[in-house]
Amino acid sequence: GEDVEQSLFLSVREGDSSVINCTYTDSSSTYLYWYKQEPGAGLQLLTYIFSNMDMKQDQRLTVLLNKKDKHLSLRIADTQTGDSAIYFCAVVSGGSYIPTFGRGTSLIVHP
Amino acid sequence: DTEVTQTPKHLVMGMTNKKSLKCEQHMGHRAMYWYKQKAKKPPELMFVYSYEKLSINESVPSRFSPECPNSSLLNLHLHALQPEDSALYLCASSQDESFREQYFGPGTRLTVT
């Protein structure tokens, strides 16, 4: 089955860019998602990208997909303290619609 | 209204109790989901309802019993739970069961004593 890996922690200064990385194993991926989870809350879908795209931009968020390396990244420009949260990468592959989640990256933003 | 609501917010129950979690959405979504999330872990899919019919059961123990009384409501009935079932239970909904653009509720924090 699909295996999705993320680094567990990322620490940045307010105003800097954050880049959260995700790698996956199944080359037949179709949809790739980024979710944000703030403490004590549910998940919020930030953005998703189809596997036939290389890049998607939405305001401060930029998603890059490198299919050859099976690597997905989420860049947050001008990171704010309100961006502190856990960010989950999730990948749908094969004939299933069910996403496989990574373990989540905890983003800590220092003032 | 793009909100999924869940009640209660917190629940403490003994191993012999019967309780229910409730989830509601008014976005006209036809798919609804239950997830279980343990601390510091990603959510794990439990059940999917599509057009009020159970379409996916991820081999969940029978002490968890889902119910979809109508297209806006999703319940999770709990009976004879174990302490290891303590977790955050998340409900989500989406337009259809493709999992795209899922809206999540805030969750119910369940503690089994």
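To find a chain, count down the sequence lines: A is the first, B the second, and so on, and within it residues start at 1.
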Is the number of heavy atoms from other residues, nucleotides or ligands under 6.0 Å of [X] [atom1] greater than 12?
X	atom1	answer
B/Lys38	NZ	yes
A/Lys56	NZ	yes
B/Met15	CE	no
A/Gln59	CD	no
A/Arg103	CZ	no
A/Lys67	NZ	yes

Subject >> Worked check of side-chain contact (heavy atoms from CB on, under 4.5 Å) between A/Val92 and B/Arg100 >> reply: CA-CA 10 Å; A/Val92 173; B/Arg100 268 179 282 171; over 6 Å; no
Original post:
Quick one: OG on B/Ser50 to OH on A/Tyr97, what's the gap to the nearest 0.5 Å?
Top reply: 10.5 Å
Subject >> Separation of B/Leu45 CG from A/Phe101 CZ (nearest 0.5 Å) >> reply: 8.5 Å
Subject >> Residues of residues 3-34 of chain A contacting chain B, heavy-atom criterion under 4.5 Å, by residue number >> reply: A/Tyr31, A/Tyr33
**OP:** Treating Ile, Leu, Val, Met, Phe, Trp and Tyr as nodes and any side-chain heavy-atom pair under 4.5 angstrom as an edge, say whether A/Met53 and A/Leu46 lie in one connected cluster.
**Re:** yes
**OP:** Treat each ILVMFWY residue as a node, draw an edge where side-chain heavy atoms are under 4.5 Å apart, and state whether A/Tyr35 and A/Ile76 are in one component.
**Re:** yes
Subject >> Proximity breakdown for B/Gln6 and chain A, heavy-atom pairs closer than 4.5 Å >> reply: neither
**OP:** State, yes or no, whether a side-chain contact exists between B/Tyr103 and A/Leu45 at a heavy-atom distance under 4.5 Å.
**Re:** no
Original post:
With a 4.5 Å heavy-atom cut-off, do A/Tyr48 and B/Glu101 have their side chains touching?
Top reply: yes
Original post:
Between B/Pro43 and A/Leu43, what is the shortest heavy-atom contact and its length?
Top reply: CG-CD2, 3.9 Å
Subject >> Minimum heavy-atom distance between B/Pro42 and A/Gly102, given as atom pair plus value >> reply: CB-O, 3.2 Å
Original post:
Partners of B/Phe47 by ring pair (Phe, Tyr, Trp, His ring centres under 6.0 Å), sequence neighbours excluded?
Top reply: none
**OP:** Under the ring pair (Phe, Tyr, Trp, His ring centres under 6.0 Å) rule, collect the residues that match up with B/Tyr35, sequence neighbours excluded.
**Re:** B/Phe104
Subject >> Which atoms of A/Gln37 approach chain B - backbone, side chain, both or neither, heavy atom under 4.5 Å >> reply: side chain
Subject >> Contacting moiety of A/Ile86, where chain B heavy atoms sit under 4.5 Å >> reply: neither
**OP:** Any chance you could pull the hydrophobic cluster mates of A/Leu64, using side-chain heavy atoms under 4.5 angstrom and chaining through other members?
**Re:** A/Met55
